[in-house]
Structures are given as structure tokens and as C-alpha cells.
Colleague: 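This is the structure I have questions about; it appears just below.
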Protein chains: 2
Amino acid sequence: MRKGEETRAKILDAAEAAVLAKGFGATSIDELIVETGITKSGFFYHFRDKNELAKALLERYIDNDERIYDEIFGRARELADDPLQSFLIGLKLLSELLGDLPNGHPGCLVATMCSHERAFDREIKEMNRQAALMWRRRFGQMFREIMQVYRPREALDADQLADMVSTVLEGGIVLSKAMQEPKILPDQLLVLRSFLRLLFQPAQA
Amino acid sequence: MRKGEETRAKILDAAEAAVLAKGFGATSIDELIVETGITKSGFFYHFRDKNELAKALLERYIDNDERIYDEIFGRARELADDPLQSFLIGLKLLSELLGDLPNGHPGCLVATMCSHERAFDREIKEMNRQAALMWRRRFGQMFREIMQVYRPREALDADQLADMVSTVLEGGIVLSKAMQEPKILPDQLLVLRSFLRLLFQPAQA
DNA sequence: TGCGCTCCTGTACCGCCAGTACAGTTTTCA
DNA sequence: TGAAAACTGTACTGGCGGTACAGGAGCGCA
């Protein structure tokens, strides 16, 4: 029971790195078994086919993602009572965390899998959708709390703003990779932070 | 000479649709030649290998992208003298254009190719970088013109704001696909538009 | 001690795919 | 009409995803 999970985790580790670097289609099972030190039969003992590998990969990635957000925005909530201040602190913490990654953000599995929709089955598409909806719920709830205290200076609703957080994260990852400048992602998060501060700033000169 | 370019374009059309739907690695040459109605030898007459196909694909995509932006922000400039108003109109036009696409944005080739960096050679990575830098130059120039007239209410420089436009576009594409809601992309562009209006709004209550 | 379960290994095989090689053929245009 | 452009046809290599199945090592437990 224990040994099996360990091997499974090793396969997933190797697969995640390879998929983010080269794409799912370009990642071969053969290279994974070489890196993990098992045989092909061993691989298929853990995963029925490549699609099941993708599913396990995505599931683990999303869980980990949620854990990180829980941690960061949990800490931010401890640091300030005001919901706006707390959210702005959370964005700052997230920006710092992403800026401290030595080689930049490794890439978002949700993004790489949903942009190649036809390559995966409905179950994976649904997992991607649920992940994005969870982001919306998480950030949307925070914006609703903020809006109970502050009135936004433009007519934007909480879900739109929540999606903007996800948008900037995903877009920042893409742009950082395209430009080959890891700093863009944390930087853009701070730009979003400025926008939000402006949006909820009391209307006075 | 003419016939050759026609066939080449047909291959690129089929390839672009397939790559955006399934990813580059999952797109086989065999399926492209079936769809195009040529033989494998015919394919390799036009492209030395799959990597050269990727290069041609990306080059054509970027050129087309630039053409669309030229057109939209050119029209926006005709509709208003003020650089801020003109830019806000441009964002609105772009949002409407993207919202009118029947199946949503088909996906950004720059994003799919740069997120799988290891699968492509240096030349393609450099093309991606240049494309992103062209976006920065284009939008950055517009923000510089705006800043000669309006003073931003937060300390953000023109290049940061330019990158935010690209970020929202790329992120919006990802989120639209993940959520399976094409409206998110045009919607998020309008959220950005609100932020920018707020940023450059004269400081009065 | 040995039974059974988990966790693999070994071997052999299929069909698809990228890519090579190259000779031959049709089409196009000057 | 002739040369160049734009292909076709055939035959091959090696890698990959996936299947099938027999067997074995280690481990916990009665």
C-alpha cells in the first residue's frame, strides 16, 4: 500500500515536470519510466492509460493549488481585519511567492489542458471547469465581503472581479513564458492590486 | 509558383485549426495530408519537418494578429482625437469583435507554443518573445500618449500597463476555455477598460 | 510456514506516427 | 516547348501508445 503510493507519486512528479515543459502530447510514457526507474508494465499497473495519468496529474495539481491559496489568503486574513486590506495583502504575498520562484512559475496544468480541449475527454474538461469555478467562488466571496464595506467606483460585480484575478494569473504566466521574463507575473499581480485599491478607494480628492 | 502557395496555405489552415484544438504534439502530419488532399511527399516538399511547420504557422499567426490590432486601433483613432478616449474605444471594439466570434476565440498560438517551450527550438522561442515585445511596444506607445495628457492616479508605467493588456487577453482566452464560456474574454477586456478609465480619470469627486 | 495480496518485471506484439530516401510524373509559366 | 515547380508512389526505419499475459519478489498475517 505504501510503496505503491510512493512509486505513483514519483511517476506524477516526473510527468508534471515533463508536461509543463513540453506539453502532454510530447511527453512519452517511455521517458517517464526511465526517469522513475520502473518498467512499462509497472506504469500501466498504476495508470490504465495516458488519459488516466492526465486525470491524476490534474487532480493533484488543483488540490495543491487550492492548498496554496488557502494558506496565503488565510495568513492575509490574520494580518488585517478589513476585508479590502486583507485581500490586498494576500495579493502582495502571492506576488512575492511567485517572484521568489527561482525559474519563474512552472506553468498551469489547467491552462495547458484546457487549451487543448480535443486531446482530452469530457471528465478532464469538467475538472478544468470546476477548478476555474472554484477560483471564482473563492475570490468572489472575498470581493462580496469587500463590497459590504466599500462601494466600488465603477459598476463591476464580484464574479467579474474574481475572474479578473484568475485572468491576470493565467495571462501573467503566459506572458512571463513568452517574454522569458519571470518577473512579469508577480509584477502584473501588483498592477491588478493597484487597480483594485483604486476601485475601492473612497471617492475623494 | 501560385499553386504552391495555395497548397501551402491549405496545409497551414488545417494545421492551425488542429494545433489550437489538440496541441502541436497531438497533431499528426498524416491527418493534415488527408484533410488537405495531398500526399506525405507533398507535405515534405513544403516543410522540411514538423518544426518548420510550427515556424510558418506562428509567423502567419503573428502577422495576422498585428493586422487585426492595426485595423481596430486605427479605426478607434479615427473616432476620437483624445488618446485616452481612442484607446477606450479600441478596447470596446476589440471586446465586441471577440464577443462576436461564434465559438469564442480559437486560442492563441503564441500561448500554446511558449507554454511548451522545450518542444520547440530557440528560433520559435525568439519569435514568441518578439511577438510579446511587439504587443508591449504597441500598447506602451498608446499609454505614453495618454500619459502626456492624463496623470495616472497610481504610479504605473506605460510598459506595465501595456503588458496588462496582453495579460488580460491571454488570461481571458485561458479562462474562457477552462470555464467553457466564450463571453469571459470580452467581458474581462471591459473590466480592464473600467480600470483604465478609473486610473486616468481626473482626481475629483 | 505458507497463503494471499500488492507491486511490480519480462516478453512479445500491434498499429500509428515522424521522418528519410529517391525515382518518377504532372502542372505551370515564360 | 522546355525547364522549373509542384507534386506522387513506394519502401523503409525507429519510436511510441497500448495490449496481453505469465510470472515473481516482498510483505503482512493466520
Side-chain angles (χ1 to χ4, degrees), chain A residues 1-58 60 109 112-113 116-121 123-124, chain B residues 1-58 60 109 112-113 116-121 123-124:
Chain A
M1 223 68 98
R2 265 217 56 76
K3 181 87 181 301
E5 281 168 23
E6 208 173 288
T7 305
R8 194 184 148 97
K10 267 207 283 186
I11 297 172
L12 288 174
D13 286 341
E16 185 167 324
V19 168
L20 288 175
K22 307 184 298 182
F24 190 77
T27 298
S28 77
I29 293 176
D30 281 17
E31 83 182 82
L32 296 181
I33 69 178
V34 167
E35 197 160 335
T36 319
I38 55 166
T39 62
K40 206 166 191 173
S41 312
F43 175 89
F44 285 104
Y45 171 78
H46 288 285
F47 305 98
R48 205 186 312 136
D49 52 30
K50 225 185 164 191
N51 196 75
E52 203 157 283
L53 172 69
K55 233 157 56 188
L57 219 47
L58 191 55
R60 200 180 68 148
L109 269 184
T112 71
M113 289 193 177
H116 302 149
E117 35 182 39
R118 288 255 178 110
F120 302 103
D121 63 10
E123 211 171 333
I124 287 197
Chain B
M1 227 59 105
R2 265 216 54 76
K3 180 85 181 305
E5 281 167 24
E6 209 174 288
T7 305
R8 195 183 147 97
K10 266 207 283 187
I11 298 172
L12 288 174
D13 285 343
E16 184 166 324
V19 168
L20 288 175
K22 305 184 299 181
F24 190 77
T27 298
S28 76
I29 293 176
D30 282 15
E31 83 182 84
L32 297 181
I33 69 178
V34 167
E35 196 160 335
T36 319
I38 54 166
T39 61
K40 206 166 191 174
S41 313
F43 175 88
F44 284 104
Y45 172 78
H46 288 285
F47 305 98
R48 203 189 312 137
D49 52 28
K50 225 185 164 190
N51 196 75
E52 203 157 283
L53 171 68
K55 233 156 57 188
L57 219 47
L58 191 55
R60 199 180 70 149
L109 269 186
T112 71
M113 289 193 176
H116 302 149
E117 34 181 40
R118 288 255 177 111
F120 302 104
D121 62 11
E123 210 171 333
I124 287 197

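Note that the structure is a prediction, hence the values are computed from the model and not measured. Letters A, B, ... mirror the listed sequences (proteins, then strands); counts begin at 1.
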Colleague: Figure out the CZ/C1' separation between A:Arg8 and C:dC7, and round it to whole Å.
Modeller: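 Those two atoms, CZ and C1', are 14 Å apart.
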Colleague: Both A:Gly25 and B:Gly42 contact DNA chain D. Taking the nearest nucleotide for each, which residue is further toward the 5' end?
Modeller: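 The 5'-side residue here is B:Gly42.
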Colleague: Establish, with yes or no, whether the OP1 or OP2 oxygen of C:dC16 is under 4.0 angstrom from a side-chain nitrogen or oxygen of B:Ser28.
Modeller: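 B:Ser28 to C:dC16 OP1/OP2: no side-chain N or O under 4.0 Å.
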Colleague: Rounded to the nearest 0.5 Å, what's the gap from CG on B:Asp121 to CD on B:Glu52? Could you check?
Modeller: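 The CD atom of B:Glu52 is 10.0 Å from CG of B:Asp121, to the nearest 0.5 Å.
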Colleague: Mind calculating the distance between NZ (A:Lys50) and P (C:dC16) to the nearest angstrom?
Modeller: 17 Å
Colleague: Does a distance-only test, which skips hydrogens and angles, find a donor-acceptor pair under 3.5 Å between the side chain of A:Ser41 and the base of C:dG10?
Modeller: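 Result: at least one qualifying N/O pair found.
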Colleague: Would you mind reading off the distance between A:Asp49 atom CG and C:dG15 atom C1', rounded to a whole angstrom?
Modeller: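 Taking CG of A:Asp49 and C1' of C:dG15, I get 17 Å after rounding.
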Colleague: Atom CD1 of A:Ile38 and atom P of D:dA25: how far apart are they, to the nearest Å?
Modeller: 19 Å
Colleague: Between B:Tyr45 and D:dC7, does any side-chain N or O lie under 4.0 Å from OP1 or OP2?
Modeller: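 Negative; the distance criterion is not met.
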Colleague: I need the B:Thr27 OG1 to B:Leu32 CG distance, nearest 0.5 Å.
Modeller: 6.5 Å
Colleague: How is B:Thr27 classified with respect to the nucleic acid when contacts are heavy atoms under 4.0 Å: base, sugar-phosphate, or nothing?
Modeller: sugar-phosphate
Colleague: What is the distance, to the nearest angstrom, from the CD1 atom on B:Ile33 to the C1' atom on C:dA18?
Modeller: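 Roughly 11 Å, once rounded to whole Å.
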Colleague: Could you check which of C:dG19, D:dG17, C:dG10 has an atom nearest any side-chain atom of A:Lys40?
Modeller: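 It is D:dG17.
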Colleague: For the pair A:Lys55 and A:Asp49, find out whether any cationic side-chain nitrogen is under 4.0 Å from an anionic carboxylate oxygen.
Modeller: no
Colleague: Looking at C:dC8, I'd like to know if its phosphate oxygens (OP1 or OP2) sit under 4.0 Å from a side-chain N or O belonging to A:Thr7.
Modeller: yes
Colleague: Taking CZ from A:Phe44 and C1' from C:dC8, how many angstroms apart are they, rounded to a whole number?
Modeller: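 Atom CZ in A:Phe44 sits about 14 Å away from atom C1' in C:dC8.
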Colleague: State, yes or no, whether a side-chain contact exists between A:Thr112 and A:Phe24 at a heavy-atom distance under 4.5 Å.
Modeller: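 The answer is no; the side chains never approach within 4.5 Å.
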Colleague: Quick one: is A:His46 getting a side-chain N or O under 4.0 Å of the C:dC7 phosphate, OP1 or OP2?
Modeller: no
Colleague: How long is the line joining CZ of B:Phe24 and C1' of C:dA18, in whole Å?
Modeller: 11 Å
Colleague: So A:Phe43 and A:Leu53, side-chain contact (heavy atoms from CB on, under 4.5 Å) or not? Walk me through it.
Modeller: CA-CA 10 Å; A:Phe43 175 89; A:Leu53 172 69; 4.0 Å; yes
Colleague: Rounded off to whole Å, could you give me the CG-to-P distance for the B:Leu32 and C:dC16 pair?
Modeller: 17 Å
Colleague: If you only use heavy atoms from C-beta on, which nucleotide in C:dA18, D:dG9, D:dG18 is closest to the side chain of B:Thr39?
Modeller: D:dG9
